Amino acid sequence: MPELPEVETIRRTLAEHVSGRTIKAVELYWPDAVVSWGNLGFTEIVSGRMIEGLGRRGKYLLFGLSGGWTLVAHMRMTGRLLYYKQAELPAKHTHVLFRLDQGELHFNDVRKFGRLVAVPTSEHLLLPSLAKLGPEPLESVFTPEVFSQRLGTQKRPIKSALLDQEVVAGLGNIYADEALFLAHVNPWRPGHSLNEREIQALHGAIVKVLRAGIAAQGTSFRDYRDANGEKGAFQEQLYVYGRAGKPCRDCGRPLEKGRLGGRTTVFCPRCQH
DNA sequence: CCTTATGCCTGAATGC
DNA sequence: TGCATTCAGGCATAAG
């Protein structure tokens, strides 16, 4: 599931192919995959525009288009953005196909949760989902002080706060579990119960695990692929996610699995307090 | 305001 | 083997 490191990897692998390219035509195989703006059609908005650059905010990928338009993409669970140098027939779950002046860009999504949204650049940060996003964890705005302030007096489990994109942008189930393990913090602890030392440790763990995820080009636990269709390698370095019942890499005791806020949570009962 | 539940989706894994 | 059920989970929205 593309979280910050996966979206960043898609951004990097895609940018080298599509920056400066012009969208010549759009083919919609499942129209619900795209969201348009006002009365304008998605295809008429983006057709003929050049992709000037690719940005990212949290788990959102931002295509800067010529003429003041932005294409906001969110992969959700199983979305893929795949670049092909030569013409390629749409695959089974390909919902949108962009024909470029050089090559093609396919949006493919088995689960159909992902969306491509066309919005004027001047207003894209006002989209409800983007407007409320918390700090970028790998930028200087994300300090232990800011993190501490955002956790505030929250009664909910610390993991729920980490998954809340308004607290910090970009964490999903994999990296939240990993960061909590690295910081030796139990996921069910109320946010306000963490002392300063623990908040510092968790802040450091978030930054560390996201950087490591990017360095490994993401986690291909299952569906994730970059823009070239390549898998990431971070699944080989996971400490807890997907490892319930297997021995803790630190203490050897079997990792346990539970449900927290409707999500599977894996943790070490000995290492995480 | 807050917390919890539901809907969106398909395919892999599991149960009988 | 085949069929039904469960699970995976980000996020918007509804309900309590």
Side-chain angles (χ1 to χ4, degrees), chain A residues 1-10 28-36 56-62 72-81 90-96 106-117 119 124 126-134 137 150-180 187-192 206 210 213 218-225 231-232 234-235 238 240-246 255-267:
Chain A
M1 41 240 78
E3 305 177 25
L4 188 151
E6 289 74 36
V7 178
E8 178 61 20
T9 303
I10 292 170
L28 290 179
Y29 296 99
W30 186 62
D32 288 1
V34 302
V35 179
S36 201
R56 181 190 56 75
R57 181 78 172 93
K59 303 177 196 172
Y60 293 85
L61 187 61
L62 309 170
V72 179
H74 200 302
M75 310 295 138
R76 293 285 184 98
M77 310 291 302
T78 54
R80 293 176 179 181
L81 281 166
K92 186 171 183 186
H93 301 291
T94 294
H95 308 312
V96 188
H106 294 209
F107 177 64
N108 181 288
D109 186 4
V110 173
R111 303 277 279 282
K112 294 185 172 177
F113 286 0
R115 292 292 183 271
L116 305 180
V117 182
V119 57
H124 84 279
L126 301 177
L127 289 176
S129 48
L130 281 166
K132 293 180 174 182
L133 282 183
R150 296 219 155 221
L151 290 179
T153 58
Q154 297 198 13
K155 281 182 278 187
R156 61 179 166 170
I158 182 64
K159 182 180 173 183
S160 297
L162 294 188
L163 291 174
D164 183 345
Q165 303 300 297
E166 296 181 31
V167 172
V168 53
L171 291 172
N173 208 32
I174 297 173
Y175 293 95
D177 272 8
E178 293 297 310
L180 287 162
W188 279 268
R189 287 269 302 281
H192 65 71
I206 290 168
L210 292 177
T219 304
S220 291
F221 194 79
R222 191 173 200 137
D223 300 285
Y224 166 71
R225 297 292 185 278
K231 291 184 179 185
F234 199 64
Q235 64 277 6
L238 296 174
V240 286
Y241 182 86
R243 298 193 67 247
K246 292 180 177 166
L255 297 173
E256 290 184 9
K257 179 163 77 171
R259 276 190 96 72
L260 191 162
R263 290 140 205 238
T264 301
T265 299
V266 185
F267 65 105

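Below, read A as the first sequence line, B as the second, and so on, with proteins coming before strands; counting in each chain starts at 1. This structure is a prediction, so every number in the text was calculated from the model and none was measured.
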Does [X] make a side-chain N or O approach to OP1 or OP2 of [N] shorter than 4.0 Å?
X: A:K132; N: C:dC11; result: no
X: A:H74; N: C:dG10; result: no
X: A:Q165; N: C:dC11; result: yes

Close side-chain approach of [X] to [Y], heavy-atom, < 4.5 Å:
X: A:Y224; Y: A:T9; value: yes
X: A:I206; Y: A:L162; value: yes
X: A:L260; Y: A:W188; value: yes
X: A:K59; Y: A:M75; value: no

* Using the C1' atoms of the five pairs at each end, what is the angle between the end axes of the helix from B:dC2-C:dG16 to B:dC16-C:dG2, to 10°? -> 70°
Separation of atom [atom1] in [X] from atom [atom2] in [N], rounded to whole Å:
X: A:L133; N: C:dG10; atom1: CG; atom2: P; answer: 15 Å
X: A:L127; N: C:dA12; atom1: CG; atom2: P; answer: 10 Å
X: A:M75; N: C:dC11; atom1: CE; atom2: P; answer: 12 Å
X: A:D164; N: C:dG9; atom1: CG; atom2: C1'; answer: 16 Å
X: A:F113; N: C:dA12; atom1: CZ; atom2: P; answer: 13 Å
X: A:D109; N: C:dC11; atom1: CG; atom2: C1'; answer: 13 Å

* **Residue pairs passing the side-chain hydrogen bond (donor to acceptor under 3.5 Å, both in side chains) test where at least one lies in residues 169-178 of chain A, sequence neighbours excluded** => A:E6-A:Y175, A:K159-A:N173, A:K159-A:D177, A:Y175-A:T219
* Structure fact -> Residue pair A:H93/A:R76 against DNA chain B: nearer the 5' end by closest nucleotide is A:R76
* Structure fact -> Assert: residue with more 5' nearest nucleotide on DNA chain B, out of A:K155 and A:W30, is A:K155
Hey, does the side chain of [X] reach the backbone of [Y] with a donor-acceptor pair shorter than 3.5 angstrom?
X: A:E8; Y: A:G58; answer: no
X: A:R111; Y: A:G79; answer: no
X: A:Q235; Y: A:S220; answer: yes
X: A:R150; Y: A:E166; answer: yes

* Non-neighbouring partners of A:H93 that pass ring-ring contact (aromatic ring centres under 6.0 Å, His included), sequence neighbours left out -> none
* Non-neighbouring partners of A:R156 that pass salt bridge (charged side-chain N to carboxylate O under 4.0 Å, His left out), sequence neighbours left out -> A:D164
Do any N or O atoms of the protein come closer than 3.5 Å to N or O atoms of nucleotides 6-8 of chain C, and which pairs are they?
{"residue": "C:dA8", "atom": "OP1", "partner": "A:T264", "partner atom": "OG1", "Å": "2.8"}
{"residue": "C:dA8", "atom": "OP2", "partner": "A:R259", "partner atom": "NH1", "Å": "2.8"}
{"residue": "C:dA8", "atom": "OP2", "partner": "A:T264", "partner atom": "OG1", "Å": "3.1"}
{"residue": "C:dA8", "atom": "N1", "partner": "A:R111", "partner atom": "NH2", "Å": "3.4"}
{"residue": "C:dA8", "atom": "N3", "partner": "A:R111", "partner atom": "NH1", "Å": "3.2"}
{"residue": "C:dA8", "atom": "N3", "partner": "A:R111", "partner atom": "NH2", "Å": "3.1"}

* Contact class for A:T78 (heavy atom, under 4.0 Å): base, sugar-phosphate, or nothing? -> nothing
* **Heavy-atom contact window of chain A on DNA chain B, given 5' to 3' at under 4.0 Å** => B:dC8 to B:dA12
* Going through the distances and angles, do A:T264 and A:R259 end up as a side-chain contact (heavy atoms from CB on, under 4.5 Å)? -> CA-CA 5 Å; A:T264 301; A:R259 276 190 96 72; 3.4 Å; yes
